[in-house]
Enquirer: 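Right, I'll just put the structure down here and ask away after.
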2 protein chains.
Amino acid sequence: MKPETDARITDTRKKILDLAEALMLSRGFNAFSYQHISAELGVRNAAIHYHFPKKSDLGVALIERYCRRFERFTQAQADLSPDEQLEQYFELADRYFGQQQICPSGILSAELQTLPDDMRLQTQAFVALMRGWAADIVRRGRDAGVMHYPGSAEGMGDVVFAAMQGALQLARFDRQALQSVKLQIRQLLGCQ
Amino acid sequence: MKPETDARITDTRKKILDLAEALMLSRGFNAFSYQHISAELGVRNAAIHYHFPKKSDLGVALIERYCRRFERFTQAQADLSPDEQLEQYFELADRYFGQQQICPSGILSAELQTLPDDMRLQTQAFVALMRGWAADIVRRGRDAGVMHYPGSAEGMGDVVFAAMQGALQLARFDRQALQSVKLQIRQLLGCQ
DNA sequence: GACACCTTACTGACCAGTAAGTAGAGTCGC
DNA sequence: GCGACTCTACTTACTGGTCAGTAAGGTGTC
């Protein structure tokens with residue numbers, strides 16, 4: 001049966017991506033090796049190279065998957081109110097925090113100077129997506145009259161995005177920090 | 001003459017620290033090697049090991065220097081008004097940005113999981129210092145009536161600190177991002 | 001027999017770290 | 001004022017480990 005074969009084909013590939021994702025978000029892209037993945041998966045090193053010849057291929061695939069996942073995420077919650085969308089974003093951050101991880105844009109931008117060119121470009125596109133979305137939420141929040149803040153929606157979106165990225169990093173030292181930042185952002189936006 | 005000898009002793013050591021600092025803030029701690037430093041300095045690899053036997057010794061020395069420098073920085077501007085202190089902090093960020101660097105707490109927290117234990121402890125102390133200072137500025141800013149924001153000073157300090165850390169990372173993709181975040185923070189605090 | 005999905009076996013580069021030796025400058029007894 | 005000693009600040013030469021990446025071979029399935 002074709003589906004079963006296809007399922008097996010994508011199975012290892014998906015497991016590699018999942019493991020690589022977890023490793024990248026906790027250790028960073030440069031700080032995990034094909035050994036980390038192959039050992040956990042019970043295969044040999046070269047098996048990873050079969051699916052992703054270069055490490056940058058794996059990296060690009062990871063970020064592409066983030067982009068697809070993120071677009072599905074935004075489409076799925078397109079009908080929610082802006083303040084509900086903000087809470088969904090906060091929950092996303094909580095999930096990263098619960099696994100001792102930071103957000104993908106955080107680790108990728110920190111390591112940016114050492115990333116291969118193709119990964120850098122892909123990262124840029126991903127960050128632009130996230131940034132635009134944050135600005136969108138606060139813009140529609142203000143238009144709907146549920147959020148109140150001075151300045152531009154782009155500026156406020158940047159602050160929310162940057163603060164959440166920084167908060168996840170800060171939370172590695174103090175578990176209270178993420179809650180602290182989330183609460184303060186809610187108050188700054190005047191919602192809840 | 002003693003002073004001249006002492007000057008030469010500390011000269012190489014200081015040059016190593018300076019180069020290591022620049023490398024860490026642009027590439028990350030794990031992504032630079034003793035080769036990077038020794039090549040630039042025109043000495044052999046082992047010369048670096050003479051001054052800093054383990055790489056973690058170099059890392060700890062770097063963060064300790066940050067702590068000392070930071071305390072001198074806060075003492076030097078103790079007499080400034082809170083909004084002037086905030087602008088000094090912004091200028092610090094501008095200086096990092098101008099050299100294609102991110103802030104030390106940003107890179108160290110991103111790489112935290114892969115850092116040796118002694119560096120982790122030192123980083124924790126450094127971050128606590130910076131965080132406390134940010135909270136101090138906005139607390140005294142509110143007390144003095146020049147800053148206005150909802151919630152606690154700790155919460156607002158965390159947002160400012162996290163947002164600036166995130167903004168420096170965001171600025172690697174878009175040079176406007178840092179200005180955007182700085183401006184928005186000023187407006188959120190109601191100063192200028 | 002063609003293909004997907006691995007394996008074994010290897011290469012060369014880079015890495016942190018070490019051991020042993022050395023050049024020069026300062027210190028001491030005499 | 002001269003040899004012996006000592007210390008700092010390196011050097012050369014090396015080790016063992018890890019890394020990404022490759023080449024060639026095997027195995028099961030359509």
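Below, read A as the first sequence line, B as the second, and so on, with proteins coming before strands; counting in each chain starts at 1. Just so it is clear, the structure is predicted and the values come from calculations on it, not from any experiment.
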Enquirer: Tell me whether the guanidinium CZ or amine NZ of B:Arg175 lies under 6.0 angstrom from the six-membered ring centre of B:Phe97 and within 45° of its axis.
Expert: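 No, cation not above the ring by the 6.0 Å, 45° rule.
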Enquirer: Which whole-number value in Å describes the distance from B:Ile16 CD1 to D:dC10 C1'?
Expert: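 From B:Ile16 CD1 to D:dC10 C1': 11 Å.
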Enquirer: Specify the closest pair of heavy atoms between B:Glu154 and A:Ser180, including all atoms of both residues, with the distance to one decimal.
Expert: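 Shortest heavy-atom separation between B:Glu154 and A:Ser180 comes out as O-OG, 4.3 Å.
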Enquirer: Side chain of B:His49: nearest nucleotide among D:dC10, D:dA20, C:dT18?
Expert: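 Out of D:dC10, D:dA20, C:dT18, the nucleotide with an atom closest to B:His49's side chain is C:dT18.
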Enquirer: CG of B:Asn30 versus P of C:dC14: gap in Å, rounded?
Expert: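 Roughly 18 Å, once rounded to whole Å.
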Enquirer: Taking only the side-chain nitrogens and oxygens of A:Gln35, find out if one of them lies under 4.0 Å from OP1 or OP2 of D:dG17.
Expert: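 No.
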Enquirer: Let me know the distance between CG of B:Asp11 and C1' of C:dA25, rounded to the nearest Å.
Expert: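 Interatomic distance, CG of B:Asp11 to C1' of C:dA25: 17 Å.
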Enquirer: With the side chain of A:Tyr34 defined as its heavy atoms from C-beta on, choose the nearest nucleotide among C:dT8, D:dA20, C:dC15.
Expert: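 So the nucleotide nearest the side chain must be D:dA20.
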Enquirer: Let me know the distance between OH of A:Tyr50 and P of D:dG25, rounded to the nearest Å.
Expert: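 Rounded to the whole Å, the gap is 18 Å.
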Enquirer: From the list C:dC6, C:dA9, D:dT11, which nucleotide is the closest neighbour of the side chain of A:Ala46?
Expert: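 Of the candidates, C:dA9 comes closest.
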Enquirer: Send over the distance from A:Ile48 CD1 to D:dT22 P, rounded to a whole Å.
Expert: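 Whole-Å distance recorded here is 15 Å.
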Enquirer: Which nucleotide sits closest to the side chain of B:Lys54: C:dA4, D:dT11, C:dT18?
Expert: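 The answer is C:dT18, which lies nearest to the side chain.
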Enquirer: Measure from CZ on B:Phe32 to P on C:dC14 and round the result to the nearest Å.
Expert: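 Rounded to whole Å, this separation is 18 Å.
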Enquirer: Do A:Tyr66 and A:Phe73 have side-chain heavy atoms sitting under 4.5 Å apart?
Expert: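 No, side chains not in contact.
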Enquirer: By nearest atom, which of the nucleotides C:dT7, C:dA19, D:dG21 is closest to the A:Lys55 side chain?
Expert: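 Of all the options, the side chain of A:Lys55 is nearest to D:dG21.
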Enquirer: By nearest atom, which of the nucleotides D:dA20, D:dT22, D:dT11 is closest to the A:Ser33 side chain?
Expert: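 So the nucleotide nearest the side chain must be D:dA20.
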Enquirer: Below the 4.0 Å mark, does D:dC10 have OP1 or OP2 next to a side-chain nitrogen or oxygen of B:His51?
Expert: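 So the side-chain polar atoms of B:His51 do come within 4.0 Å of the phosphate oxygens OP1 or OP2 of D:dC10, strictly under.
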Enquirer: Starting at CG of A:Asn45 and ending at C1' of D:dT22, how long is that distance when rounded to a whole Å?
Expert: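 Between C1' of D:dT22 and CG of A:Asn45: 12 Å.
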Enquirer: Please state whether the rings of A:Phe126 and A:Phe70 are parallel, tilted or perpendicular, taking 30° and 60° as the class boundaries.
Expert: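 Ring orientation of A:Phe126 relative to A:Phe70: perpendicular.
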Enquirer: What is the distance, to the nearest angstrom, from the CZ atom on A:Phe29 to the C1' atom on D:dC19?
Expert: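 Between C1' of D:dC19 and CZ of A:Phe29: 13 Å.
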Enquirer: Using modelled atom types only, decide if a donor and an acceptor are shared between the side chain of A:His51 and the backbone of A:Ile48 within a distance under 3.5 Å.
Expert: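 Flag not set: sc A:His51 to bb A:Ile48 has no pair under 3.5 Å.
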Enquirer: Indicate, with a heavy-atom threshold strictly under 4.0 Å, whether B:Phe52 touches base, sugar-phosphate, or nothing.
Expert: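 The residue B:Phe52 makes no contact with any strand.
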